[in-house]
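First up is the structure itself, then whatever we jot down about it.
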2 protein chains.
Amino acid sequence: MGKGEQTRQAILDEAFSMASCIGVGALSIGVLAERTRMSKSGLFAHFGSKEELQLAVLREAQQRFADIVLRPAFRQPRGLGRLRAIVVNWLSWTREANLPGGCVINAAAAEFDDQPGPLRDEVKNGLLALRRVLAETAAKAVETGELRPNTDVDQLAFELEGIYQVAQQSRRLLDDPHADRRALVAFDRLVADHAILREKE
Amino acid sequence: MGKGEQTRQAILDEAFSMASCIGVGALSIGVLAERTRMSKSGLFAHFGSKEELQLAVLREAQQRFADIVLRPAFRQPRGLGRLRAIVVNWLSWTREANLPGGCVINAAAAEFDDQPGPLRDEVKNGLLALRRVLAETAAKAVETGELRPNTDVDQLAFELEGIYQVAQQSRRLLDDPHADRRALVAFDRLVADHAILREKE
DNA sequence: GACACTAACGAACGATCGTTCTATAACGTA
DNA sequence: TACGTTATAGAACGATCGTTCGTTAGTGTC
């Protein structure tokens, strides 16, 4: 990795953790330069525009999400276990990644849902892709016979996303120490509703 | 209502709808003055500081929420019907209120969850109060015998909030036209899980 | 008609914003 | 060691930020 690439990654690291606290939209090149002990112009040269920097942060977030949440879960055999692994990793990924201020992606989702442009598109595509992964993982649990054949996997992905969002809000804003537990309770109930009943289990 | 109060309300109306699009944190006194055809200083005098203006917007949001979502629902007799009325009003309240850019409160929740101060406190208290209302409404449905006595009403409020959040995101960011229907499906299933079973219903 | 009070204005403040330009280091290759 | 390339710095730009100040209208009261 060349020197430039190395610096760029260091900037991105700092920007990533900053964005997690104040939001991608509130990122400031001046403050970021100060934190990385660079000049504004030197830092700026790595991205060409503020928007490009913000996009880079969003892409970085998606990549880390895939590395921390999805990839490990996919080492589980397909089925309900894999789906549950995703949820468990998902709930704790802001602690694994360098995200002192919570999930960048969901914050950006609320921030840009009304502002057309590349940033909104990036967030939208990322979340659509995630929904697809969730739905497909659920579909595999149908194949394995763990979920009922008539399960609406898109509805399931929808509800999973809801569980995640409220868990984040409860933990971060409302300081609820039981948020994760509540999220898992919700997940188990949700899955049980679509599970194929086995006697005595 | 005196002249001053009238102007202040007009400013607040505009700020409210602006905040819904760009977020409470991104409100700008200059832009707001332009939109209301006032001078920056004239507008500023009504609030004394930007933070005070932001607080006023958040309080306005909570008041409108109570007027549009809660008050009408409480005209229903206590029980599941009332709970469902809250959810239905809740899902559509951004259309009733002047909220072209979605729910201000939830956007602010994501924005300020990491920034201590009066704004975070205001949002947190508002959302805690909402959770309380939801839980108490559910508790009344236990009293009427519609929900099981051992229902965890706080867990239920938690999950309701999740359903709302993902519905917002699906509708606003992902442009999903079925978001509200999915939310109601989720609600009905959630309630059914805690309902007292009646034969043939 | 003088007076107090409120509402709004216009100008200016220092700070910070994103961005541009030019210059200077540092580095890789010959 | 010289040269081209890349990486970073420094200074300045015009714009906008929140805020302050002094002043001017409008309004009701004695």
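Every chain is numbered from 1, with letters handed out A, B, ... down the list of sequences.
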Kindly compute the distance separating CD (B:Q63) from CG (B:L58), expressed to the nearest 0.5 Å.
13.0 Å
For the pair made of CD in A:E34 and C1' in C:dA15, what is the distance, rounded to whole Å?
13 Å
Taking the six-membered ring of B:F16, is the NZ or CZ of B:R64 close enough (under 6.0 Å from the centre) and on axis enough (within 45°)?
yes
Counterpart residues, side-chain hydrogen bond (donor to acceptor under 3.5 Å, both in side chains), relative to A:D152 (two or more places apart)
B:R182
Considering only nitrogen or oxygen atoms on both sides, find all protein atoms under 3.5 Å from nucleotides 24-26 of chain C and state each distance.
none

Please set out all donor-acceptor pairs under 3.5 angstrom arising from side-chain atoms of residues 185-197 of chain B, sequence neighbours excluded.
{"residue": "B:D188", "atom": "OD1", "partner": "B:R84", "partner atom": "NE", "Å": "3.3"}
{"residue": "B:D188", "atom": "OD1", "partner": "B:R84", "partner atom": "NH2", "Å": "3.1"}
{"residue": "B:D188", "atom": "OD2", "partner": "B:R84", "partner atom": "NH2", "Å": "2.9"}
{"residue": "B:R189", "atom": "NH1", "partner": "A:D193", "partner atom": "OD2", "Å": "2.5"}
{"residue": "B:R189", "atom": "NH2", "partner": "A:E159", "partner atom": "OE1", "Å": "2.3"}
{"residue": "B:D193", "atom": "OD2", "partner": "A:R189", "partner atom": "NH1", "Å": "2.5"}
{"residue": "B:H194", "atom": "ND1", "partner": "B:L190", "partner atom": "O", "Å": "3.0"}

Side chains of residues 21-35 of chain B: which donor-acceptor pairs under 3.5 Å do they make with residues two or more places apart or in other chains?
{"residue": "B:S28", "atom": "OG", "partner": "B:G30", "partner atom": "N", "Å": "3.3"}
{"residue": "B:S28", "atom": "OG", "partner": "B:V31", "partner atom": "N", "Å": "3.1"}
{"residue": "B:R35", "atom": "NH1", "partner": "B:E14", "partner atom": "OE2", "Å": "2.9"}

Report the residues that fulfil side chain to side chain contact (heavy atoms under 4.5 Å, CB included) with B:Q62, sequence neighbours left out, ordered by chain and then residue number.
B:I105, B:E122
Whole-Å distance, A:Q6 CD to C:dC27 P, equals 12 Å
Which atom pairs, one a donor and one an acceptor, fall under 3.5 Å between side chains of residues 91-102 of chain B and the rest of the protein, sequence neighbours left out?
{"residue": "B:S92", "atom": "OG", "partner": "B:N89", "partner atom": "O", "Å": "3.4"}
{"residue": "B:W93", "atom": "NE1", "partner": "B:Y164", "partner atom": "OH", "Å": "3.3"}
{"residue": "B:R95", "atom": "NH2", "partner": "B:D180", "partner atom": "OD2", "Å": "3.0"}

Determine, for nucleotides 8-14 of chain D in 5'-to-3' order, which nucleotides have protein heavy atoms under 4.0 Å from the base (write B), from only the sugar-phosphate (write S), or from neither (write -).
BBB----
B:F44 CZ - D:dC21 P separation (whole Å):
11 Å
Name every donor-acceptor pair, under 3.5 Å, that has one atom in a side chain of residues 39-46 of chain B and the other anywhere in the protein, sequence neighbours excluded.
{"residue": "B:S39", "atom": "OG", "partner": "B:G42", "partner atom": "N", "Å": "3.0"}

If I take atom CD in residue A:E52 and atom P in nucleotide C:dT19, what distance separates them, rounded to the nearest angstrom?
11 Å
Non-neighbouring partners of B:E111 that pass side-chain hydrogen bond (donor to acceptor under 3.5 Å, both in side chains), sequence neighbours left out
none
Without decimals, in angstroms, what is the distance between B:I11 CD1 and C:dC9 C1'?
13 Å
side-chain hydrogen bond (donor to acceptor under 3.5 Å, both in side chains) partners for B:R78, two or more places apart
B:E143
Return the set of residues passing side-chain hydrogen bond (donor to acceptor under 3.5 Å, both in side chains) with B:N106 (not counting sequence neighbours), or none when no residue passes.
A:Q169
Rounded distance in Å - NZ (B:K50) to P (C:dA15)
18 Å
Near DNA chain D, counting only heavy atoms under 4.0 Å, which residues of residues 21-32 of chain B show up?
B:L27, B:S28, B:I29, B:G30, B:V31
